[in-house]
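As the structure is a prediction and not an experimental result, all values here were calculated from the model. Indexing begins at 1, ligand by ligand and atom by atom, following the structure's order.
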Amino acid sequence: MTPSRPSCLAPEASNSVEDTHIKSIRPLITPALLREWLPAPAATHALVAASRSALTNVLEGRDDRLIVVVGPCSIHDHAQAIEYATRLKQQADALAKDLLVVMRVYFEKPRTTVGWKGFINDPNMDGSFAINDGLQKARALLLEILALGLPVGTEFLDLLSPQFISDLVSWGAIGARTTESQSHRQLASGLSCPVGFKNGTDGGVKVAVDAILAARAPHAFIGMTQMGQSAIFETTGNQRCHVILRGGKQPNYSAADVDAACALLRKAGLREQVMIDVSHANSNKQYLRQIDVAQDVASQIAAGDARITGLMIESHLNEGRQDIVPGQPLAWGVSVTDACISMEQTIPVLQQLADAVRTRRQRSGTQR
Ligand SMILES: O=C[C@H](O)[C@H](O)COP(=O)(O)O
Ligand SMILES: C=C(OP(=O)(O)O)C(=O)O
């Protein structure tokens, strides 16, 4: 389906002052072409629409479940992602009265300095940057996960890639390194799904609150159409944005941290609610700490805190992480970016969160 990679085209400049750092320019497929190759069935779009509404109901207080965005730090293999999704779907169904489970399907990795930038940028993980293949593989995977009945969440990092896949995404994240970026806030203002903004890498929550205010407003910016033409996009603003606490210089998942974040939201005139990422700086990048952090958050929920509307977990088939070593095979189901807890370790965490939601519901005297 995907044409083999053409040889590199030369840089375009006919003068000596441009393209001085451009090695090559290669053709990119258009979003419309990819969608013609891999169209979304009506039932798939119906699932995306229904899950976005369900997420909105939680974010707006009409549904007392907990949103749980759970899955690998990054996707690097189709079959492993499908095995994970199949197993997660069983848990999502079993706990659906209490948890709204969204699979974390992250294709684009923001790096602190350099490193593998994800399945879209370099699907072969060998520096060949077969981005056309990466886009096709990403879309194909999303279609297959949705066909299992599981909604999907992803980080939007590249500003043009959403055109290729955003019809298949129920929830989006803007990462800690881009929450302060005007371009990403503008992008979020035009996205059709709810969007979570991470706090900054230094732990600053105000940038995420500012991001919500920016994304709620209308914007005009330069983008790319389905047919691959540059165009001016005017947005109406996205009212379904929220903060994600991911820690910074120190963790920020405690009840006092939730109070502090909510005070900032209140001051900004925004709904007091947070999603807590139990990984990243909240786990001090010790993947097993995620289990303890989730337990602490579950206690806050069980104690009645209705401001905690979501939780994020980095989880893969198997625990830990591995380096990408050229020429060496990778272990099955182990993260190639941040270390993850295993599916076996994830299941009790999900059950504990569901218990906490039931306790919170009993405390508030409502029934589901
Ligand atoms: O979630 C993944 C990582 O924390 C993020 O992409 C940064 O990774 P790095 O510090 O290894 O580059
Ligand atoms: C990169 C991620 O997180 P953060 O932006 O919080 O570092 C992530 O969730 O994959």
Side-chain angles (χ1 to χ4, degrees), residues 67-76 81 84 102-122 125 138 152-159 161 169 171-181 183-185 187-188 193-212 215 241-253 257 261 274-290 293-294 297 310-316 319-325 334-341 346:
I67 298 166
V68 181
V69 180
V70 52
C73 176
S74 55
I75 297 296
H76 70 272
Y84 185 93
V102 173
M103 179 164 159
R104 207 188 123 105
V105 185
Y106 276 35
F107 296 121
E108 301 181 312
K109 297 309 296 174
R111 304 311 302 237
T112 304
T113 51
V114 290
W116 182 68
K117 284 184 279 188
F119 201 53
I120 289 180
N121 184 266
D122 191 10
M125 308 173 87
V152 160
T154 200
E155 175 169 344
F156 290 109
L157 177 59
D158 185 278
L159 296 170
S161 64
V169 174
W171 175 89
I174 301 296
R177 292 161 188 76
T178 42
T179 279
E180 203 164 2
S181 147
S183 303
H184 290 81
R185 293 170 173 185
L187 172 70
C193 59
V195 174
F197 284 98
K198 295 274 190 100
N199 66 249
T201 51
D202 64 354
V205 178
K206 173 85 165 40
V207 285
V209 174
D210 289 345
I212 297 176
C241 297
H242 63 88
V243 164
I244 309 173
L245 299 178
R246 50 84 78 198
K249 291 197 181 99
Q250 65 238 353
N252 63 2
Y253 60 82
D257 293 308
V274 295
M275 173 180 282
I276 298 179
D277 172 1
V278 300
S279 188
H280 300 99
N282 270 337
S283 63
N284 291 319
K285 286 229 178 188
Q286 305 294 309
Y287 68 95
L288 289 173
R289 278 279 301 147
Q290 291 191 81
V293 177
V297 176
L311 190 120
M312 175 180 283
I313 306 170
E314 290 194 305
S315 145
H316 211 316
E319 68 186 294
R321 69 168 304 283
Q322 59 187 327
D323 285 328
I324 303 167
V325 182
V334 177
S335 176
V336 297
T337 47
D338 284 350
C340 292
I341 56 171
T346 303

request  = Kindly write out the residues that satisfy side chain to side chain contact (heavy atoms under 4.5 Å, CB included) with Asp122, not counting sequence neighbours, or none if the list is empty.
outcome  =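 Testing Asp122 for side chain to side chain contact (heavy atoms under 4.5 Å, CB included), a comparison that skips the adjacent residues, returns Trp116, Asp126, Ser128, Phe129.
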
At what distance is the nearest protein heavy atom to [atom], and which residue and atom is it?
{"atom": "atom 4 (P) of ligand 2", "result": "Lys198 NZ, 3.4 Å"}
{"atom": "atom 2 (C) of ligand 2", "result": "His280 NE2, 3.3 Å"}
{"atom": "atom 5 (O) of ligand 2", "result": "Ala176 N, 2.7 Å"}

So does [Y] get a backbone contact from the side chain of [X], meaning a donor-acceptor N/O pair under 3.5 Å?
{"X": "Arg177", "Y": "Thr201", "value": "no"}
{"X": "Glu155", "Y": "Lys109", "value": "no"}
{"X": "His280", "Y": "Lys285", "value": "no"}

ask   = Which one of Arg177, Arg104, Lys109 has a non-hydrogen atom at the shortest distance from atom 9 (O) of ligand 2?
value =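 That would be Arg104.
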
key: Val68 and Ile313, any side-chain heavy atoms less than 4.5 Å apart   =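 Yes, their side chains come closer than 4.5 Å.
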
ask   = Given side chains that start at C-beta, do those of Leu187 and Phe156 come closer than 4.5 Å, heavy atoms only?
value =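 SC-SC contact between Leu187 and Phe156 confirmed.
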
Which ligand 2 atoms, with their elements, are less than 4.0 angstrom from a heavy-atom of [X]?
{"X": "Pro110", "answer": "1 (C)"}
{"X": "Tyr106", "answer": "8 (C), 9 (O), 10 (O)"}
{"X": "Gly175", "answer": "5 (O)"}

request  = Classify the contact between Ser279 and ligand 2 as side chain, backbone, both or neither, using a heavy-atom distance cut-off of under 4.0 Å.
outcome  =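 It is neither; nothing of Ser279 touches ligand 2.
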
message = Check this for me - ligand 2, Asp277, N or O atoms closer than 3.5 angstrom, yes or no?
response =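 Such a contact does not occur with ligand 2.
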
ask   = Between Glu314 and Arg104, is a salt bridge (charged side-chain N to carboxylate O under 4.0 Å, His left out) present by the stated rule, with each step listed?
value = CA-CA 8 Å; Glu314 290 194 305; Arg104 207 188 123 105; 3.0 Å; yes

His76/Thr337 under side-chain contact (heavy atoms from CB on, under 4.5 Å): CA gap, chis, key distance, verdict = CA-CA 10 Å; His76 70 272; Thr337 47; over 6 Å; no

task = Apply the test salt bridge (charged side-chain N to carboxylate O under 4.0 Å, His left out) to residues Asp338 and Arg321: give CA-CA distance (whole Å), side-chain angles for both, the deciding distance (0.1 Å), then the verdict.
result = CA-CA 6 Å; Asp338 284 350; Arg321 69 168 304 283; 6.0 Å; no

ask   = In order of chain and number, which residues sit within 4.0 Å of ligand 1 by heavy atom?
value =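 Answer by chain and number: Cys73, Lys109, Pro110, Arg111, Thr112, Arg177, His280, Lys285, Glu314, Asp338.
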
Ring geometry between Phe107 and Phe119 (parallel below 30°, tilted from 30 to 60°, perpendicular above 60°) =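 Judged by the thresholds at 30° and 60°, the geometry between Phe119 and Phe107 is parallel.
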
